[in-house]
Amino acid sequence: MPVAPHGEVTGHDARIRRIVVVGGGSAGWMAAATLATYLGRGSSVRLVESEEIGIVGVGEASVPHLKTFNGEVLGIDEAEFLTATQGTFKLGIEFRDWGRIGDAYMHGFGRIGRSMGPLPFHQFWLKRFLAGHAPGIGAYTLQTVAAPQGRFTVGGSDASAGSPLADFAYAYHFDAGRYARFLRTLAERRGATRTEGRIVDVVRRAADGFVEAVVLESGERIEGDLFIDCSGFRALLIGQALEIDYVDWRQWLPCDRAMAVPSANAGPPTPYTRATARAAGWQWRIPLQHRTGNGYVYASEHLSDDEAAATLLAHLDGEALAEPRALRFTTGMRREFWSANVVALGLASGFMEPLESTSIYLVQSGLQRLLGLFPDLGFEPQLARRYNADTTFEYERIRDFLVLHYHATARDDSPFWTHCRTMPVPEALRETITMFQRDGRYFRHGDDFFALPSWVQVMLGQGIVPAGYHPVVDEMPEAHLDAFLARVREDIARAAAAMPTHQQFIDRYCKAPPA
Ligand SMILES: Cc1cc2nc3c(=O)[nH]c(=O)nc-3n(C[C@H](O)[C@H](O)[C@H](O)COP(=O)(O)OP(=O)(O)OC[C@H]3O[C@@H](n4cnc5c(N)ncnc54)[C@H](O)[C@@H]3O)c2cc1C
């Protein structure tokens, strides 16, 4: 295909025929599976990975959108996926010791309460809560009531519109390595091919700098029209070859290391992730069917690797199944995610740390955006500009939500928390906090990934209690208000009590063979 400088196509068929995916971690196989499913008839999808280099192998908690990606985008059967990946269900994240030592709250998926007229539910609750007549907001979300009880079920199509089970949101915990293998099987079945080998060179076209080929250690040259860089932190194409720089966010998200270790299960798996704040960061606990994933995410400026490993090992529920493994990262994102004929996904595109399990979602969202803006060989620059603008917006809003967890704290027991509490935060976040502090108002910014229930739960959980509430709430007689709140709470309590335990549900629905 003759292509002029700057990607101007001179031939008649401008369709992209050769897609090369660099890297075979979750991002690479998610990309290969998606592209083979939607473009595989007209284009070849070839994935190159190096077993010797391996994958990052963490990334085991998700957000509810993965259900759509697996089910609707890829047509994967949910039970089959969970069985293959030793997966469990996730109703949210329990945060311990974040606002203050001894605090605990749950950021649950799904909606809070029941909407009434023009106001979000939490405004009605706020009036009675501030007066000391209502319990914490956690009593009004089914996920945050069911999770601590260890209960789970799926809503099912028979859940009526008013039922707390209607549109019941949940996510998954799964074994990252198994997920990549599961997707590999699916992608190969749909026509993607895999090449084993270490890439040692990236060849660019002299005329416009577009990537022409990657070269393997064996000397094999793999040419492509479009390259998807899923090479992880190495960022072989977007970073090393195209030299797109990295926007460093450590001034807001100061953790730059993680120590990870699997442990034996000490009981039935909880239907939620736990994130416990520690002196220089936080520790995750992700329950799978065959083991529990654990990690301490910390700031190397405040803690040594040895101290992190010792703290992690001292706070496991069950026996450690391996030596702790250290991972290094820099929180931030690429200044451009799509440059020339390279689109970066996964860790090659940025990493904001795993606090709200958003990385795999960002791969999914990048793929959906790429499909919508899919170019031809002309690589119309407007497509990349749009892709980059929308992706940047998504990253920055997720960043602010993560920063909220660190910043809105009363903790002053370590230099790390004092730094987080007193650091200047991005302006949009400052405005969001100020508005909420006044009278509990929250306004979503555009297509901000995290919606009102997430912001409200986390702001309250971190100790931001509004001084007042929306004036419209006073229009409702107090007796009606109390009856409304009580009804919502009772419906939720009843729905939670009727659920099977998480373990019973797994046994029935997706029990995996022993690992
Ligand atoms: C501590 C930590 C915890 C995390 N927790 C979560 C979580 O709970 N939820 C979540 O959504 N995300 C989480 N993530 C992020 C998640 O792990 C990644 O987004 C996801 O696994 C995708 O990784 P990847 O495919 O981009 O990179 P990788 O898994 O690192 O894959 C990179 C691939 O590139 C290949 N490669 C690299 N260089 C070459 C070369 N020269 N030649 C050939 N092949 C090459 C490698 O072989 C590999 O196949 C976490 C990340 C970290 C660091």
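Both counts, for ligands and for their atoms, begin at 1 and track the order of listing.
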Looking only at the aromatic ring of each residue, does the gap between the centers of [Y] and [X] stay below 6.0 angstrom?
{"X": "F109", "Y": "Y170", "value": "no"}
{"X": "F450", "Y": "W455", "value": "no"}
{"X": "F174", "Y": "Y172", "value": "no"}

Would you call [X] and [Y] a salt bridge, using N to O less than 4.0 angstrom?
{"X": "D245", "Y": "R335", "value": "yes"}
{"X": "E52", "Y": "R198", "value": "yes"}
{"X": "R397", "Y": "D400", "value": "yes"}
{"X": "E94", "Y": "R274", "value": "yes"}
{"X": "K67", "Y": "E72", "value": "no"}
{"X": "E188", "Y": "R194", "value": "no"}
{"X": "R257", "Y": "D305", "value": "yes"}

I'd like to check which ligand 1 atoms, numbered from 1 as shown, lie under 4.0 Å from a non-hydrogen atom of [X].
{"X": "I55", "result": "29 (O), 48 (C), 49 (O)"}
{"X": "G197", "result": "42 (N), 43 (C)"}
{"X": "G346", "result": "26 (O)"}
{"X": "L236", "result": "38 (N), 39 (C), 40 (C), 41 (N)"}
{"X": "A258", "result": "1 (C)"}

For [X], is at least one N or O under 3.5 Å away from an N or O on ligand 1?
{"X": "V363", "answer": "no"}
{"X": "G24", "answer": "yes"}
{"X": "G23", "answer": "no"}
{"X": "G57", "answer": "no"}
{"X": "V22", "answer": "no"}
{"X": "I199", "answer": "yes"}

Taking the non-hydrogen atoms of [X], is any one of them nearer than 4.0 angstrom to ligand 1?
{"X": "G54", "answer": "yes"}
{"X": "W284", "answer": "yes"}
{"X": "A260", "answer": "no"}

Practice prompt. Return the option from A180, S357, P354 holding the heavy atom at the smallest distance from atom 4 (C) of ligand 1.
Written response: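 Looking at heavy atoms only, P354 sits closest to atom 4 (C) of ligand 1.
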
Worksheet item: Should one rank G293, C230, A27, G28 by closest heavy-atom distance to atom 33 (C) of ligand 1, which comes out on top?
Response: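 Shortest heavy-atom distance from atom 33 (C) of ligand 1: C230.
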
Practice prompt. Please say which of T292, T276, T270 ends up in a side chain to side chain donor-acceptor pair (under 3.5 Å) with R285.
Written response: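 That would be T270; it is the only one of T292, T276, T270 passing the side chain to side chain donor-acceptor pair (under 3.5 Å) with R285.
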
Discussion item. Just to verify, which of R181, H290, Q289 counts as forming a side chain to side chain donor-acceptor pair (under 3.5 Å) with D175?
Written reply: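 Option passing the side chain to side chain donor-acceptor pair (under 3.5 Å) with D175: H290.
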
Worksheet item: Is there a side-chain contact between F379 and F210 (heavy atoms, below 4.5 Å)?
Response: yes

Discussion item. Would R399 pass as a cation-pi partner of W252, given that its NZ or CZ must be under 6.0 Å from the six-membered ring centre and within 45 degrees of the axis?
Written reply: yes

How far is [atom] from its nearest protein heavy atom, and which residue and atom is that?
{"atom": "atom 47 (O) of ligand 1", "value": "S50 O, 2.9 Å"}
{"atom": "atom 13 (C) of ligand 1", "value": "G59 CA, 3.3 Å"}
{"atom": "atom 37 (C) of ligand 1", "value": "S231 O, 3.5 Å"}
{"atom": "atom 26 (O) of ligand 1", "value": "L347 N, 2.9 Å"}
{"atom": "atom 8 (O) of ligand 1", "value": "A61 N, 3.3 Å"}
{"atom": "atom 15 (C) of ligand 1", "value": "S359 CB, 3.4 Å"}
{"atom": "atom 51 (C) of ligand 1", "value": "F351 CZ, 3.3 Å"}
{"atom": "atom 2 (C) of ligand 1", "value": "V58 CG2, 3.5 Å"}

[X], portion touching ligand 1 at heavy-atom distance under 4.0 Å:
{"X": "E60", "result": "backbone"}
{"X": "V200", "result": "neither"}
{"X": "R234", "result": "side chain"}

Discussion item. Which residues pass the side-chain hydrogen bond (donor to acceptor under 3.5 Å, both in side chains) test with Q503, not counting sequence neighbours?
Written reply: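 Partners of Q503 by the side-chain hydrogen bond (donor to acceptor under 3.5 Å, both in side chains) criterion, ordered by chain and then number, come out as D507.
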
Practice prompt. Output all residues satisfying salt bridge (charged side-chain N to carboxylate O under 4.0 Å, His left out) with D77, sequence neighbours left out; order by chain, then residue number.
Written response: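 For D77, no residue satisfies salt bridge (charged side-chain N to carboxylate O under 4.0 Å, His left out) once neighbours in sequence are set aside.
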
